[in-house]
Amino acid sequence: CAQKYSGLVEDCCCDYETVDHLNLEVLHPLLQELVKTPFFRYFKVKLWCDCPFWPDDGMCSLRDCSVCECPQNEVPEPFKKQSSNTLSSDDLLCQDGNPQAVVDRTIDTKAFRGWAEVDNPWTYDNETDDGDMTYVDLQVNPERYTGYTGPSARRIWEAIYQENCPKYPDEEACPEKKILYKLISGVHSSVSIHIAADYLLDDATNLWGPNLTLMYNRVLKYPERVKNLYFTFLFVLRAVIKAKDYLEQADYNTGKPEEDIKTNSLIKQLLNNPRLQAACPLPFDEAKLWKSQSGPQLKDQIRKQFRNISALMDCVGCEKCRLWGKLQILGLGTALKILFSDNDSHDIGLTLQRNEVIALINLLNRLSESIKFIHEMGPAVEAVTHGQ
Ligand code: FAD
């Protein structure tokens, strides 16, 4: 079928066709393997927090909304104890703010010095507070249709778009201003595609499968939503590539040597893939941004908006949607942290929490799955919805 979207993905450095091929043949197979490894499948999350913005709507009691938490003995031992080489906020030097600071394409090559315990400045979650944290096996709690809908879900998306990431008109020339909306819209498209791809078609017989009409009505009918998905995919992919040294040196120990060797090997295959390096070496160019006088203030404003969006995840009234919402927002916050750290912070170097890396890779996998769904199901969707 003819490629429906062509040319460069907006504000990115790769075209749609290349992204589709790379995803299908290289990235998707590797990511699918990677997220099944013990290191990447256990996500630490606080699922029960009060909504900081309005009285709680309460959790939905639908069967498919519930999350199955891991029994303690399933969680990898190294995840439970603080490792000896963990960095805390005391290890970081205080840097003077430099208003002239700009983002460049490098990060500290000294790279990995231990998993950090330092909160992500882009997100609201206090991950160091372990009190109410639980571990969830992502493989047994897939993101799919849950039945969560109506005023509670609508209120969250409305609060995100209307109060925290306004859509700028197409004529807006400043790409920094448009980024947050495009990233959130891209993740929203991906959530909707996962709902449509794994939908409860018949409650009586518990039949699950793709709902092509829903996929069309929620996403494919709006080219902008599809484009934002591709943009978000390339943005997150760039963050992973930028953190290459760090990710290659990181500690993937889960106490299962054979599995951990596989995790290391898959990470190396992903980061050193010759096809990726040849076809799309710089998926997104963060060094083009933040150069104007008002760059630092604008970045600060976007960071605040993103933190609010992150806090809104505690208002999601469906446990499983909250889990995946939190994971994907933390993944996006991690990508923002990697890509938009000023180069004056090189003395500190990149510091990431284990959970941030788990979220980042799982988010990339979600986006990769969505792009594959669109690529493969697009023609069938067109056929089903012909004339709409
Ligand atoms: P919604 O998806 O709720 O969209 C609301 C409005 O946002 C639309 O009317 C449109 O104006 C705008 N919009 C929609 N898509 C985009 C886009 N890509 N870009 C820009 N604007 C857009 N339900 C599940 O079944 N499973 C889940 O895992 C799940 N996870 C969720 C996670 C979060 C964080 C939230 C807030 C909700 C989640 N939901 C989930 C609910 C789901 O997203 C929908 O809200 C619900 O299915 C109702 O859909 P809707 O048709 O009203 O449109």
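Position 1 is the first residue of the sequence; numbering continues from there. In each ligand, atom 1 is the first atom listed, and ligand 1 is the first ligand listed.
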Fill in: Ring-ring centroid check Phe284 Phe231, cutoff 6.0 Å
yes
Discussion item. Is Cys13 disulfide-linked to Cys280, taking SG-SG under 2.5 Å as the test?
Written reply: no
Fill in: Pocket residues of ligand 1, ordered first by chain and then by residue number (heavy-atom cut-off under 4.0 Å)
Glu143, Arg144, Tyr145, Thr146, Gly147, Tyr148, Thr149, Ala153, Ile156, Trp157, Tyr161, Tyr181, Ser185, His188, Ser189, Val191, Ile195, Arg218, Arg225, Met313, Val316, Cys321
Worksheet entry | Full working for ring pair (Phe, Tyr, Trp, His ring centres under 6.0 Å) between Tyr252 and Phe112 | CA-CA 12 Å; Tyr252 297 106; Phe112 188 77; 7.9 Å; no
Fill in: side chain to side chain donor-acceptor pair (under 3.5 Å) partners for Ser368, two or more places apart
Asn23
Practice prompt. Just jot down the ring pair (Phe, Tyr, Trp, His ring centres under 6.0 Å) partners of Phe233, sequence neighbours excluded, or say none.
Written response: none
Worksheet item: Among pairs that include at least one residue of residues 64-75, which meet side chain to side chain donor-acceptor pair (under 3.5 Å), considering only residues two or more places apart or in two chains?
Response: Tyr42-Glu74
